[in-house]
J.: 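Below you'll find the structure I mean.
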Amino acid sequence: MLSRRTLLRAAALLPAVPVLAPGTALADVPSLPPALDRTSFAPHEQRFAPYLATLAPMVNDMDDSGFFAGGWWRTPSAAYNARVQEHVFTLAWFHANARPWNPYAGNASLLAALDSALGHYLSLQHPDGSFPEYSRDQHGLAPTGFGIGYLAKTLRILRASGVLPARQAQLTAALRTAMTWFLDAGNRVVWQDRLTWANQTTSGLAGATHALRLDSDPALATRLTEAFARLPAVGQSPAGFFYEEGGHDMNYNFEVMLPELADAYLHSQDPHLVDMARAFTGFLAYNLLREPDGAGYLVNVAPSTRTSARWYDEVRTDPDRTALNWTFTRQVPLLSAFMTAREDLAEARAAWAASTEPVTPLAKQDTSPRILTHGLYGERFPSRRQRAEAIADLPYLRSNDFAELRRDGGQDFLYVRKPGLYLGGYFGTRASRSRTGLTFLWHPDAGTIICGLNDNNYACWSTVFPGQAPDSNGSLPATYFHGAPGGREWTGGRAPGALGIRYGNANVTTDVLVTRRTVRRTVTANAAATEQIPFVLHPTDVLTFTDGTQAAFGGTTTATADGLDLRRGRTTIRLRWSTPLQATLAAGSVRYFRDGARRFHALRIPHQGTFDLTVTLG
């Protein structure tokens, strides 16, 4: 009796597409040879290499129903989760595109797997057009929104290839039904007065631009135009960010939402999308902190509500989730500051091609097909000169004296620039995983000194009560003043001289006074507490407590002192508190940038309820 594997491999040799009866097993897709020829990839298609190495294991994990079993993409890895099936685009692309490095072009087993995967995907669609994600009965925003895009792009490939005509007809009908559901302005799953997940709603609009180019529908096209006009009011804060779970999230805003806007704009040319990109870039320019040594940008991540994107490298090589943002750089030149320069990317790609290291498969879950779909449009990255000009135009580099206050929904986003420092704060109503209070401190020569994290009670700039309960893990309303607290209230704009901030809750009040080169933070609590300061340290930093104790980078150091000096290059940052106390500087596990040299350290100083700290930046 022949084994199942023998029969499957024999079926793979057939020239025609296997016609699968119900319950028939799929044939294996052959694995790649041990090493790929990196030089055979065109530079802009290097992003396909790790997906090529992953294709056979992923496809061969599929079950006979066409479900992408194996846990390669999205959770829950359940047969009812339509998002798991988004790799139909990946299969379609590799089947349709002949390249010197692509042995799967025209592969009959791969096409049979695609046919089966599409069959399972479409079987999940509800009669109203929506798809499920977290339960079979769910009518989901994300699976329908992203699904419209993946199914439309897959249909385009099938039509161009002239394969699977029956599936083409099913896809055409499924897309029309999905768009009818998604573009209904009265659909409260998709549309709210203030969107809950703006990136998910926008994904469906981007997908609809593709679907309607394949099959025109005047009524749906009108609905799409109306949706683009509605999106800025319900999907974007007056502060500039895009709404995500009650506030702002850097990862979803910069790496998902903005590229989805770009995808939509490439086919619609709708001017509302440019306006949204411009407003968001203005917000982004205050929250990405440029490191003077050229490592890239640290993220003011404490206000993020969903994820913890902590940095962006100076050169982001493939695969880069932000790559499609180049779409807006002509209309929004400032956005070039946050893109990789084309010359730097070319050098990185040349180095990749020259490497003799094997191309490794992607890790499970880290297989986003968006990387591939966003590589279909060509590239227009800024030059080094254009990028340098944009960097010079960042607010905190263009000016050394301003105070910017952006408000929305009870949340305050504060940015204060003085000649010797740049300070950030997030006050008011706390959203989800965010952390309130002061969030970062930056120096024009030394770069980021202090940067709090989100979703972490041990890594926020806080007054911490017993049980590791920081005031930052809650709402902290604030008022703002010219000069010391108690003076004339400040409402925004240029703030010459000192600036005062008072914030707190029932247990603690914090007064902050910001001058040209100092930040004074005075804490008054109703019980003993600990002052917690989240540092970003370099391995070459020299740290000395005022009692003479040298602090060890990457370790834990305790001293009884009334201050700490941090020497970075030619800059000294001095921290002083009013009386000698036992202070501990301890390294955490978080590292920054690709090289991981920078490292998170927390300074913790217990006190009896009152604490007066002055940070002086030399």
Side-chain angles (χ1 to χ4, degrees), residues 199 236-237 239-242 244 248-263 265 273-301 303-304 307-348 370-371 374 377 379-399 404 406 413 415 417 422 424 439-440 442 444 447-448 451 592-594:
N199 82 89
Q236 186 165 30
S237 165
F241 60 83
F242 306 119
E244 288 294 330
H248 155 68
D249 185 83
M250 183 61 73
N251 179 306
Y252 274 102
N253 274 209
F254 187 44
E255 301 184 39
V256 183
M257 175 72 177
L258 191 59
E260 290 296 326
L261 284 180
D263 198 5
Y265 181 73
L273 308 183
V274 176
D275 292 340
M276 293 180 73
R278 183 177 294 110
F280 172 66
T281 301
F283 178 82
L284 191 67
Y286 288 99
N287 288 280
L288 292 188
L289 310 173
R290 182 154 185 80
E291 291 295 274
D293 64 359
Y297 294 91
L298 284 174
V299 175
N300 177 25
V301 68
S304 285
T307 58
S308 297
R310 295 165 182 154
W311 76 88
Y312 292 102
D313 287 294
E314 185 79 347
V315 179
R316 295 194 294 280
T317 55
D318 303 310
D320 174 14
R321 282 160 48 97
T322 69
L324 197 59
N325 292 341
W326 62 256
T327 303
F328 292 119
T329 54
R330 285 183 178 172
Q331 300 97 327
V332 189
L334 186 61
L335 185 57
S336 294
F338 310 115
M339 302 298 297
T340 301
R342 69 171 73 112
E343 298 94 333
D344 293 333
L345 187 57
E347 290 181 359
R370 291 178 65 250
I371 297 295
H374 287 177
Y377 307 103
E379 295 178 342
R380 194 176 65 240
F381 285 88
S383 68
R384 284 172 177 163
R385 179 186 59 80
Q386 291 169 327
R387 185 170 185 270
E389 290 173 352
I391 290 171
D393 203 32
L394 294 176
Y396 58 90
L397 295 180
R398 185 179 67 244
S399 171
E404 176 80 3
R406 299 190 173 202
F413 301 83
Y415 313 94
R417 180 71 161 96
Y422 180 41
T439 58
F440 70 81
W442 176 95
T448 306
C451 192
Y592 301 89
F593 298 110
R594 187 180 295 113

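Counting from 1, the numbers follow the sequence of the chain as shown. Small disclaimer: the values here were computed from a predicted structure and weren't measured.
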J.: Which pair of heavy atoms, one from Asp249 and one from Ser304, lies closest together, and at what distance?
T.: OD1-CB, 3.6 Å

J.: Looking at Thr281 and Leu335, would you say the former's side chain and the latter's main chain have a donor-acceptor pair under 3.5 Å?
T.: no

J.: Show the nearest heavy-atom pair for residues Gly240 and Gln236, with the distance to one decimal.
T.: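 Taking Gly240 first and Gln236 second, the nearest heavy atoms are O-NE2, 2.9 Å.
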
J.: A side-chain contact here means heavy atoms from C-beta on lying under 4.5 Å apart; do Leu298 and Phe593 qualify?
T.: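 Yes; the side chains approach each other to less than 4.5 Å.
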
J.: Quick one: does Asp393's side chain have a donor or acceptor within less than 3.5 Å of a partner on Glu389's backbone?
T.: no

J.: If you draw a 6.0 Å radius around CZ in Arg594, do more than 12 non-hydrogen atoms from other residues or ligands fall strictly inside?
T.: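 Buried by this count: over 12 neighbours within 6.0 Å.
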
J.: Run the numbers on Asp263 and Tyr377 for side-chain hydrogen bond (donor to acceptor under 3.5 Å, both in side chains), then give the verdict.
T.: CA-CA 9 Å; Asp263 198 5; Tyr377 307 103; 2.6 Å; yes

J.: Between Phe328 and Leu334, is a side chain to side chain contact (heavy atoms under 4.5 Å, CB included) present by the stated rule, with each step listed?
T.: CA-CA 10 Å; Phe328 292 119; Leu334 186 61; over 6 Å; no

J.: Within this structure, what is the CD-CG distance for the pair Glu379 and Leu324, rounded to the nearest 0.5 Å?
T.: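 Output value for this atom pair is 10.0 Å.
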
J.: Scan Thr307, Val301, Asn300, Leu284 and name whichever one has a side-chain contact (heavy atoms from CB on, under 4.5 Å) with Met250.
T.: Leu284

J.: Minimum heavy-atom separation for Pro259 and Thr322, please, with both atom names.
T.: CG-CA, 4.5 Å

J.: Would you please say whether a donor-acceptor pair under 3.5 Å links the side chains of Asn199 and Glu260?
T.: no

J.: Give me the atom names and distance for the closest heavy-atom approach of Leu261 to Ala277.
T.: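 Scanning both residues, the minimum pair turns out to be CD1-N, 4.5 Å.
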
J.: What class does the angle between the rings of Tyr422 and Tyr396 fall in, given that below 30° is parallel, 30 to 60° is tilted and above 60° is perpendicular?
T.: parallel

J.: Show the numbers, then the answer: is there a side-chain hydrogen bond (donor to acceptor under 3.5 Å, both in side chains) between Ser399 and Arg417?
T.: CA-CA 8 Å; Ser399 171; Arg417 180 71 161 96; over 6 Å; no

J.: Could you give me the CA-CA distance, side-chain angles and deciding distance for Arg384 and Glu347, then say whether salt bridge (Lys or Arg N to Asp or Glu O under 4.0 Å) is met?
T.: CA-CA 12 Å; Arg384 284 172 177 163; Glu347 290 181 359; 3.0 Å; yes

J.: Any side-chain heavy atom of Arg310 sitting closer than 4.5 Å to one from Ser308?
T.: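 In short, these two side chains touch, coming nearer than 4.5 Å.
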
J.: Run the side chain to side chain contact (heavy atoms under 4.5 Å, CB included) check on His248 and Asn253 step by step: do they pass?
T.: CA-CA 7 Å; His248 155 68; Asn253 274 209; 3.2 Å; yes

J.: For Met339 and Arg387, which heavy atoms make the closest approach, and how far apart are they?
T.: O-NE, 2.5 Å

J.: Quick one: pull up CG in Leu288 and OH in Tyr312 and give me the separation to the nearest 0.5 Å.
T.: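 OH of Tyr312 is found 7.0 Å from CG of Leu288.
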
J.: Please assess Glu255 against Asn325 for the test side chain to side chain contact (heavy atoms under 4.5 Å, CB included), listing each intermediate value before the final yes or no.
T.: CA-CA 9 Å; Glu255 301 184 39; Asn325 292 341; over 6 Å; no

J.: What do the steps show when you test Val299 against Asn287 for side chain to side chain contact (heavy atoms under 4.5 Å, CB included), and what is the final call?
T.: CA-CA 6 Å; Val299 175; Asn287 288 280; over 6 Å; no

J.: Please evaluate residues Glu291 and Thr448 with respect to the criterion side-chain hydrogen bond (donor to acceptor under 3.5 Å, both in side chains), reporting the C-alpha separation (whole Å), side-chain torsions for both, the decisive distance (0.1 Å), and the verdict.
T.: CA-CA 7 Å; Glu291 291 295 274; Thr448 306; 2.9 Å; yes

J.: Heavy atoms, side chains only, cut-off 4.5 Å: are Gln386 and Phe381 in contact?
T.: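 When only atoms from C-beta onward are counted, Phe381 and Gln386 do not touch, as no gap falls below 4.5 Å.
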
J.: Within 45 degrees of the axis of the six-membered ring of Tyr297 and under 6.0 Å from its centre: does Arg290 put its NZ or CZ there?
T.: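 Pair Arg290/Tyr297 counts as cation-pi.
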
J.: Keeping the roles fixed (side chain from Arg278, backbone from Gln331), state whether a donor-acceptor pair exists under 3.5 Å.
T.: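 Between the backbone of Gln331 and the side chain of Arg278 there is a qualifying donor-acceptor contact (under 3.5 Å).
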
J.: Name the residue from Asp313, Asp318, Asp320 that meets the salt bridge (charged side-chain N to carboxylate O under 4.0 Å, His left out) definition with Arg316.
T.: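 Going through the options one by one, the only one that passes is Asp320.
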
J.: Would a line drawn from the ring center of Tyr252 to the ring center of Phe242 be shorter than 6.0 Å?
T.: no

J.: If you look at every heavy atom in Ala285 and Pro395, which pair is closest and at what distance?
T.: CB-CD, 3.5 Å

J.: Under a 3.5 Å cutoff, is there a donor and acceptor pairing between the side chains of Thr329 and Arg380?
T.: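 There is no such pair (donor and acceptor under 3.5 Å, judged by atom type) between the side chains of Thr329 and Arg380.
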
J.: Between Tyr286 and Phe413, is the gap from one ring center to the other below 6.0 Å?
T.: no

